[in-house]
There are 2 protein chains.
Amino acid sequence: MDGVKNMVKERLQLHGIKPSLQRMAVMEYLMTHRTHPTADMIFTDLYPSIPTLSKATVYNTLNLLVERGVVRMITIEEKNARFDACMDPHIHFRCRDCGAILDVDVEAHWIPTMPDGVTVDMSETYCIGSCAECNNKKAI
Amino acid sequence: MDGVKNMVKERLQLHGIKPSLQRMAVMEYLMTHRTHPTADMIFTDLYPSIPTLSKATVYNTLNLLVERGVVRMITIEEKNARFDACMDPHIHFRCRDCGAILDVDVEAHWIPTMPDGVTVDMSETYCIGSCAECNNKKAI
DNA sequence: AACAAAAATAGAATAATTCTAAAAATGGAT
DNA sequence: ATCCATTTTTAGAATTATTCTATTTTTGTT
């Protein structure tokens, strides 16, 4: 039996999500690809191995996963949402030049002092700039 | 002469943007409406007073303003981009229940320690949760 | 095997944004 | 003022990410 598949299944069940073939595939994809993929990338990559897969299913699954708090949706790019199954505290950096999105580990997320009565259940920080490679190219 | 219009004009010129009627109108709108409007809201509100206004112009102008660093684009909502002319350090909070987007003042933006070679030129923090009013309603 | 509930599917519909090509406005130089 | 080049605006078409709808398939239970 495949260890990864078991982890995937457990993680879904832990959040009350029935582990169908398609949901397992999307979840496994996110757990093994730390590339912050778009819904379309996930669909395109999974399609060859699940030829009956529909884009609607990918969207349905991603929405369900986000609702249940199993993955995060990243809106660092205006165009399309990106998804991330890593729930350890980290922030995202986008390189203005090459478009890469990198994880940057942090001890904990920053939650500024909020006005009275406001409760926060999640926080995201996005940094934009130039990555090391792009800075290197410019220096030459 | 109108003081606000002068401030608007100066702010555009300071960033090398020719202050056309349309650009002034969009910029003035953003400076006087701290509601984080979408492009569509800006268009709809300005249209009555500038009946020749085109949506493309609103988008062109907003893109120019963001490029030149005069306003920030806020991607706290997946659906549409929102815009903010206030460049003082503050973060945005979105209420999951009523959808309101609030400003929360901070001393300075948080920029975590980045990997070597990475340079950051801007950072945004989004917090999501429930606002005071919605929390109140739930408590009753 | 029969049935109800849940999940997946194809394709149409929606909506935000960008693109295109043409028209209008602007700002010199003559 | 007039001509010309450049910039800006415009309307509408095109694009694209996402959601919706109605149907079919799968799953689990009696």
Side-chain angles (χ1 to χ4, degrees), chain A residues 8-9 12-13 15-30 36-68 70-84 99 101, chain B residues 8-9 12-13 15-30 36-68 70-84 99 101:
Chain A
V8 170
K9 185 184 257 183
L12 292 182
Q13 285 172 331
H15 292 265
I17 298 172
K18 205 184 289 182
S20 71
L21 178 83
Q22 291 84 343
R23 288 168 176 176
M24 296 264 294
V26 170
M27 191 68 212
E28 181 177 343
Y29 187 90
L30 283 171
H36 317 98
T38 63
D40 197 69
M41 291 173 194
I42 298 172
F43 172 79
T44 306
D45 286 359
L46 291 180
Y47 187 71
S49 55
I50 311 176
T52 65
L53 186 63
S54 156
K55 229 174 227 185
T57 301
V58 174
Y59 277 102
N60 288 343
T61 302
L62 289 170
N63 287 340
L64 183 65
L65 292 172
V66 170
E67 255 171 43
R68 300 290 172 88
V70 194
V71 312
R72 341 186 200 170
M73 179 186 286
I74 300 168
T75 58
I76 198 172
E77 260 192 354
E78 322 85 79
K79 299 279 167 192
N80 26 224
R82 293 172 164 275
F83 298 89
D84 189 348
I101 295 177
Chain B
V8 169
K9 185 184 259 186
L12 292 182
Q13 285 172 331
H15 291 265
I17 298 172
K18 205 183 288 182
S20 72
L21 179 85
Q22 292 83 345
R23 287 168 178 174
M24 297 263 294
V26 170
M27 190 68 215
E28 181 176 343
Y29 187 91
L30 283 171
H36 317 98
T38 63
D40 198 69
M41 291 173 193
I42 297 171
F43 172 79
T44 305
D45 285 359
L46 291 180
Y47 186 72
S49 55
I50 311 177
T52 65
L53 186 63
S54 156
K55 227 173 226 185
T57 301
V58 174
Y59 277 103
N60 288 344
T61 301
L62 289 170
N63 286 340
L64 183 65
L65 292 172
V66 170
E67 255 172 44
R68 300 290 172 88
V70 194
V71 313
R72 339 187 201 170
M73 179 187 283
I74 301 168
T75 57
I76 199 172
E77 261 192 356
E78 322 84 79
K79 299 276 167 196
N80 26 224
R82 293 173 166 273
F83 298 88
D84 189 348
I101 294 178

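Letters A, B, ... are given to chains in the order of the sequence lines, protein chains preceding strands, and every chain is numbered from 1. If you're wondering where the values come from, they're calculated on a predicted model, not measured in any experiment.
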Between [N] ([atom2]) and [X] ([atom1]): distance, integer Å:
{"X": "A:Q22", "N": "C:dA8", "atom1": "CD", "atom2": "P", "result": "5 Å"}
{"X": "A:K79", "N": "C:dT18", "atom1": "NZ", "atom2": "P", "result": "4 Å"}
{"X": "B:E77", "N": "D:dT19", "atom1": "CD", "atom2": "C1'", "result": "16 Å"}
{"X": "A:Y59", "N": "C:dG11", "atom1": "OH", "atom2": "P", "result": "17 Å"}

Which part of the nucleic acid does B:T57 contact within heavy-atom distance under 4.0 Å: base, sugar-phosphate only, or nothing?
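Here B:T57 touches the bases of the nucleic acid.
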Over all strands shown, is A:T52 touching base, sugar-phosphate only, or nothing at heavy-atom distances under 4.0 angstrom?
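Sugar-phosphate, backbone atoms only, no base.
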If you assign B:A81 and A:R23 each to the DNA chain C nucleotide with the nearest heavy atom, which residue ends up on the more 5' nucleotide?
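Its nucleotide being nearer the 5' end, the pick is A:R23.
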By nearest atom, which of the nucleotides C:dA6, C:dC19, D:dT8 is closest to the A:K18 side chain?
C:dA6
Can you tell which of D:dA17, D:dT10, C:dT17 lies closest to the side chain of A:N80?
D:dA17
Between A:D40 and B:P51, name the one whose nearest nucleotide on DNA chain D is closer to the 5' end.
B:P51
Is the phosphate of C:dT18, meaning OP1 or OP2, less than 4.0 Å from a side-chain N or O of B:N63?
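Yes.
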For D:dT9, does OP1 or OP2 lie under 4.0 Å from any side-chain N or O of B:S20?
yes
